[in-house]
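Below you'll find the structure, written out as structure tokens, and then a few comments.
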Amino acid sequence: MDVRYINPFIGAVKHVFRTMLGTDIMISKPRLRAPDESNADVSAVIGFSGDAAGCVILCFRTDAAVKTASKFAGNELTPQHPDFSDALGELANMVAGQAKAQFEGLSVSISLPSVIIGRDHEVLQSKITPRLVIPCDSPLGRFAVEVAMVVEKKTGATASAPVAAVAG
């Protein structure tokens with residue numbers, strides 16, 4: 001994946017967590033996700049379509065998801081609370097929307113968020129599109145932003161193949 005399209009996600013997650021949660025995060029070096037890697041109990045997923053196809057996933061362990069959702073909502077939210085999924089889905093929506101706004105020259109739509117809850121689950125992906133993991137640390141806990149995206153202008157010219165060029 002071209003860094004022109006991964007850097008917007010790094011900036012978006014930093015901005016959303018700082019402005020909406022009052023929390024600064026530290027980003028570690030992005031890396032390719034192993035095919036059988038499973039490290040999430042809660043995943044908030046947003047799909048992309050249009051000139052870019054793929055998804056962005058906020059991946060949390062339960063304790064970090066609870067702290068993040070609770071901080072965002074301003075009250076304690078457990079995975080059983082009806083607003084828990086909405087809070088994490090809205091954070092994923094904000095990250096995706098902020099990143100999408102930085103995709104110059106591309107017409108991209110984002111889906112409604114889906115939130116998956118289950119110990120060590122895996123969100124399956126296309127075998128042809130590598131998924132990049134952006135490890136994040138915060139006072140609320142460690143989490144990751146995973147991005148899989150193929151950029152292809154619908155006008156016919158390919159803007160970017162699914163290559164893994166990582167910002168370092």
Side-chain angles (χ1 to χ4, degrees), residues 1 5-34 36-50 52-103 106 108-126 129 131-149 166-167:
M1 187 175 316
Y5 303 113
I6 204 62
N7 286 339
F9 290 100
I10 293 171
V13 74
K14 284 181 168 185
H15 178 77
V16 168
F17 272 69
R18 185 180 322 107
T19 59
M20 302 309 295
L21 301 167
T23 301
D24 286 322
I25 61 171
M26 297 288 295
I27 303 288
S28 297
K29 184 175 181 173
R31 61 177 173 73
L32 286 177
R33 183 181 184 275
D36 60 347
E37 184 177 339
S38 175
N39 62 351
D41 299 329
V42 180
S43 295
V45 184
I46 298 279
F48 291 104
S49 61
C55 65
V56 59
I57 309 168
L58 302 185
C59 305
F60 300 90
R61 288 291 185 194
T62 301
D63 61 331
V66 166
K67 288 176 185 174
T68 301
S70 297
K71 178 100 179 198
F72 182 62
N75 60 12
E76 184 69 26
L77 297 181
T78 66
Q80 296 75 31
H81 193 285
D83 293 335
F84 180 78
S85 297
D86 288 344
L88 294 174
E90 185 55 31
L91 285 171
N93 188 47
M94 286 185 231
V95 169
Q98 292 253 333
K100 174 189 143 178
Q102 302 302 310
F103 299 157
L106 298 179
V108 178
S109 296
I110 59 176
S111 71
L112 293 173
S114 296
V115 176
I116 302 159
I117 302 172
R119 186 167 178 81
D120 285 325
H121 66 265
E122 181 177 356
V123 178
L124 298 177
Q125 70 185 49
S126 167
T129 306
R131 193 178 304 164
L132 200 63
V133 177
I134 304 166
C136 304
D137 286 294
S138 81
L140 302 171
R142 174 169 264 224
F143 66 99
V145 178
E146 295 185 4
V147 181
M149 192 167 72
V166 178

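Because only heavy atoms are used, hydrogens play no part in the values below, and waters and symmetry mates are left out as well, while side chains stay in. Along the sequence shown, residues carry numbers from 1.
- Asp83 contributes atom CG, which lies 10.5 Å from atom OG1 of Thr78 (distance to the nearest 0.5 angstrom).
- In this structure Phe103 satisfies the ring pair (Phe, Tyr, Trp, His ring centres under 6.0 Å) test together with Tyr5, Phe9, sequence neighbours excluded.
- Counting heavy atoms from C-beta on, the side chains of Val95 and Leu91 never come closer than 4.5 Å.
- Taking every heavy atom of both residues into account, Pro79 and Ile117 meet most closely at O-CD1, 4.2 Å.
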Would you be so kind as to tabulate the donor-acceptor pairs closer than 3.5 Å made by side chains of residues 11-22, with sequence neighbours excluded?
{"residue": "Arg18", "atom": "NE", "partner": "Asp24", "partner atom": "OD1", "Å": "3.3"}
{"residue": "Thr19", "atom": "OG1", "partner": "His15", "partner atom": "O", "Å": "2.8"}

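- Applying the ring-ring contact (aromatic ring centres under 6.0 Å, His included) rule to pairs touching residues 54-93 yields Phe60-Phe143, sequence neighbours excluded.
- Distance CG/Asp63 to NZ/Lys67: 5.5 Å, rounded to 0.5 Å.
- A distance of 6.0 Å separates CZ of Arg119 from CZ of Arg61, quoted to the nearest 0.5 Å.
- In terms of heavy-atom proximity, Gln98 sits nearest to Gln102 at O-CG, 3.6 Å.
- The two residues Ile27 and Cys136 make their nearest non-hydrogen contact at CD1-SG, 3.6 Å.
- One finds the CD1 atom of Ile10 at 9.5 Å from the CD1 atom of Ile25 (value rounded to the nearest 0.5 Å).
- Between the side chain of Ser43 and the backbone N or O of Cys59, no donor-acceptor pair lies under 3.5 Å.
- What you find for Ser70 and Leu77 is that their closest heavy atoms are OG-N, 2.8 Å.
- Residues Leu132 and Leu32 meet the side-chain proximity criterion, which asks for heavy atoms closer than 4.5 Å.
- Atoms OG and CD1, from Ser85 and Ile116 in turn, are 10.5 Å apart once rounded to the nearest 0.5 Å.
- Closest approach of Val133 to Arg33, counting heavy atoms only: CG2-CB, 3.4 Å.
- The two residues Ala64 and Gly141 have their closest heavy-atom pair at CB-CA, 4.0 Å.
- Proximity of Leu58 to Leu88: side-chain heavy atoms (C-beta onward) are nowhere separated by under 4.5 Å.
- Separation of atoms CG (Leu112) and CD1 (Ile46) is listed at 7.5 Å; rounding is to 0.5 Å.
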